[in-house]
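Right, one structure below, let's go through it.
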Amino acid sequence: MKLASYNVNGINGRLDVLLRWLDETSPDIVCLQELKSPDARFPERALEAAGYNAIWHGQKSWNGVAILARGQTITETRLGLPGDPDDTHSRYIEAAIDGMIIGCLYLPNGNPAPGPKFDYKLRWMKRFRQYAAELFELDVPVALIGDFNVMPTDLDVYKPERWRDDALFRPEVRAVYAELLADGWTDAVRELHPGERIYTFWKYFRNAFPRDAGLRIDHFLLSPSLRERLLSCGVDKYVRGWKHTSDHAPVWIELAD
DNA sequence: ATGTCGCTCATTGAGCGA
């Protein structure tokens, strides 16, 4: 069973890229971020024609998350991250699929830091950690998947010294990510490849992709029972080289059935 | 500071967030 994460950076603007990738790689479950689409414009029929059921939480212009499943029932278990009724951003959606809980997240970027956007990011992360702990206690298989907008360590940045003050790499942010790991969650990609430079995002400007000036910010956090089933992982880096592509590449993990 | 995108509102370009 293959689970994937893909920040599409506009699901309607890049629908051709998404459909081509789905057709070529056939992941079983897909978490999408940055739909940049209101609910009414989510391309439900095109995805259905490609063989995928879907649930989504859209928003005009920004944010937006969705979960796709190929030939499997998706039972929505949550829309929106709990802990702040005033939070209007569409950044979390969750479902039960095939005996697992799949949480799909688009964590706030937080730039510029310091500032109100960075404060929101930190608050969101703390809410997320608290909620993740509740899921952890349920003792069911859980995967928390998406664009975390966090590089966990120096190994996850092409040039760490240039990113020290950025909201994706500041110590406060990495500390919360480290606390998630200390809580018992496993970073699936780092678990399988502890010493390897792996990137999932390359900026559009300054020729970042050809220079491989990348960041690893798209992650899979696994509960203990899913960690035991983890077989392999990868980044579909070639997709980042396609015309009209997102600034992220799809990332995937394979679990034993 | 810069760079390059998609989206929106409202006209062919500006502002925003990333």
Side-chain angles (χ1 to χ4, degrees), chain A residues 5-21 31-44 46-47 56-66 81 86-92 104-125 128 145-152 156-170 172-174 177 199-219 235-251:
Chain A
S5 184
Y6 190 18
N7 179 321
V8 286
N9 190 11
I11 193 168
N12 291 306
R14 303 192 200 279
L15 187 58
D16 53 341
V17 170
L18 173 62
L19 293 174
R20 179 180 170 194
W21 168 70
C31 292
L32 298 175
Q33 304 86 33
E34 273 207 90
L35 306 180
K36 295 183 171 180
S37 167
D39 279 335
R41 293 199 56 221
F42 184 85
E44 180 180 16
L47 290 165
W56 58 93
H57 192 198
Q59 180 181 338
K60 192 171 73 175
S61 302
W62 300 305
N63 310 317
V65 283
L81 187 69
D86 295 328
D87 186 357
T88 56
H89 294 199
S90 298
R91 296 185 177 277
Y92 187 79
C104 171
L105 64 134
Y106 176 49
L107 209 143
N109 176 296
N111 276 306
K117 289 183 179 177
F118 188 65
D119 296 340
Y120 171 63
K121 178 177 195 167
L122 281 179
R123 286 200 309 275
W124 203 97
M125 289 191 82
F128 178 71
I145 298 170
D147 179 357
F148 282 67
N149 269 317
V150 177
M151 294 86 87
D156 304 306
V157 195
Y158 67 97
K159 196 171 276 191
E161 57 277 18
R162 284 275 175 86
W163 287 81
R164 294 279 175 221
D165 293 328
D166 191 275
L168 280 66
F169 200 50
R170 287 175 70 103
E172 306 95 305
V173 163
R174 283 186 286 143
Y177 192 89
Y199 302 137
T200 65
F201 166 91
W202 299 258
K203 283 187 177 194
Y204 284 122
F205 22 93
R206 288 191 161 183
N207 239 11
F209 186 59
R211 292 190 296 120
D212 200 27
L215 310 172
R216 191 175 75 94
I217 57 177
D218 301 276
H219 307 303
V235 179
D236 290 335
K237 192 173 172 180
Y238 58 93
V239 175
R240 180 62 180 79
W242 289 352
K243 280 192 166 47
H244 200 229
T245 199
S246 168
D247 41 7
H248 294 247
V251 191

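Chain letters run A, B, ... following the sequence lines, proteins first, then strands; residues in each count from 1. Model, not experiment: these values are computed from the prediction.
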Where does the chain A footprint on DNA chain B start and end, counting 5' to 3' with a 4.0 Å heavy-atom cut-off? dA1(B) to dA18(B)
So what does F209(A) touch, heavy atoms closer than 4.0 Å: a base, only the sugar-phosphate, or nothing? nothing
Using the C1' atom on both, measure dC7(B) against dT12(B) and round to a whole Å. 16 Å
Could you measure between the two C1' atoms, the one in dC16(B) and the one in dA10(B), and give it in whole Å? 15 Å
Can you give me the closest heavy-atom contact between M151(A) and F169(A), atom names plus distance? O-CD1, 3.4 Å
So, D156(A) and Y199(A): side-chain donor and acceptor under 3.5 Å apart, yes or no? no
Which value, in whole Å, describes the distance between the P atoms of nucleotides dA1(B) and dC5(B)? 23 Å
Could you tell me if E34(A) and S246(A) have a donor-acceptor pair between their side chains, going purely by distance under 3.5 Å? no
Report yes or no: do D247(A) and W202(A) form a side-chain donor-acceptor pair below 3.5 Å? no
How do F205(A) and E34(A) order along DNA chain B: which one's closest nucleotide is nearer the 5' end? F205(A)
Under 3.5 Å, is there a donor-acceptor pair between the D218(A) and H248(A) side chains? yes
Which part of the nucleic acid, if any, lies within reach of H244(A) when heavy atoms closer than 4.0 Å are counted: base, sugar-phosphate only, or nothing? sugar-phosphate
Establish, from distance only, whether the side-chain atoms of N9(A) and Y204(A) form a donor-acceptor pair under 3.5 Å. yes
Would you mind telling me which residue lines up with the more 5' stretch of DNA chain B, N109(A) or R14(A), judged by nearest nucleotide? R14(A)
